[in-house]
Amino acid sequence: MTATVVTATGITLIVDRIDNTSTATSAWIGWGTGGSSTGGTATNADTGLKAAATEAWVAATLSQPDTDSNRFVATITAGTAKTVEEAIVFFGTSTATGTATNRCLVRASHGGQTLATGDSIQYTITMTATSV
Amino acid sequence: MTLFEKVKKYLRQNWAALSGQMQPRAATRVRVEMRVFRAAEGRWVDLPSVENVL
């Protein structure tokens with residue numbers, strides 16, 4: 001099922017960035033093949049990809065398209081044929097997962113995209129905070 | 001009831017609102033837009049976007 005969330009871990013990252021408890025400024029986008037498997041739908045309890053693909057994560061280009069928004073853009077190219085079903089935005093100093101300084105901000109289970117070797121997906125992920 | 005007791009009673013009854021617990025919650029919206037490059041065809045194809053509001 002398609003879904004996209006700001007994770008609970010991502011909320012802790014936002015809080016820590018505001019008071020400089022976290023100084024991580026590098027964002028990465030990674031993709032995986034686990035979006036449709038059992039438990040693959042994105043939820044706010046996610047801390048990473050369900051099934052990471054073999055391609056290295058790509059440093060995201062950050063921008064602020066509006067005063068209440070952050071945007072992350074990256075393109076990942078398939079090294080082998082596969083069906084990509086999920087993506088994450090990850091903040092940290094490396095692509096290692098599950099540490100205090102490396103945290104998943106956004107996870108999306110976006111439906112399967114069948115890719116041949118050399119195909120790419122360009123992700124544009126925009127997070128907007130709104131007072132309601 | 002003294003003025004001090006009245007103030008204490010007011011604070012006890014209204015502390016949640018005064019301390020911000022009754023403030024509106026913020027919503028965070030995430031939109032994932034994708035386009036795929038088909039190497040064999042040499043062209044980009046837009047894909048449906050995915051969006052949630054929490």
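All values below were derived from every heavy atom in this structure, side-chain atoms included, with hydrogens, water molecules and symmetry-related copies excluded. Residue numbers start from 1 in every chain, and the chains themselves are labelled A, B, ... in the order their sequence lines are given, proteins ahead of strands.
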Which is it for A:Thr4 and B:Arg31 under the side-chain contact (heavy atoms from CB on, under 4.5 Å) test, yes or no, and what are the steps along the way? CA-CA 7 Å; A:Thr4 177; B:Arg31 181 178 181 85; over 6 Å; no
Could you walk me through whether A:Thr126 and B:Glu33 pass the side-chain contact (heavy atoms from CB on, under 4.5 Å) check? CA-CA 8 Å; A:Thr126 306; B:Glu33 297 166 280; 4.3 Å; yes
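Interface residue A:Ala108: only side-chain heavy atoms are found under 4.5 Å from chain B. The contact between A:Leu115 and chain B is made by backbone and side chain atoms together, counting heavy-atom distances below 4.5 Å. For A:Thr75, the part lying near chain B is the side chain, with the backbone staying farther off; criterion is any non-hydrogen pair under 4.5 Å.
Residue B:Trp44 shares its hydrophobic cluster (ILVMFWY side chains chained together at separations under 4.5 Å) with B:Phe37.
One hydrophobic cluster, built from ILVMFWY side chains closer than 4.5 Å, cannot hold both B:Leu47 and A:Val73; they sit in different ones.
Judged as a side chain to side chain donor-acceptor pair (under 3.5 Å), and not counting sequence neighbours, the contacts of A:Gln122 are B:Arg35.
Here the CE atom belonging to B:Met34 is positioned 9.0 Å from the CD1 atom belonging to A:Ile125, to the nearest 0.5 angstrom.
Residues B:Val30 and A:Val5 approach most closely at CG2-C, 4.3 Å, considering heavy atoms. The shortest heavy-atom contact between A:Gly118 and B:Ala39 is O-CB, 3.6 Å.
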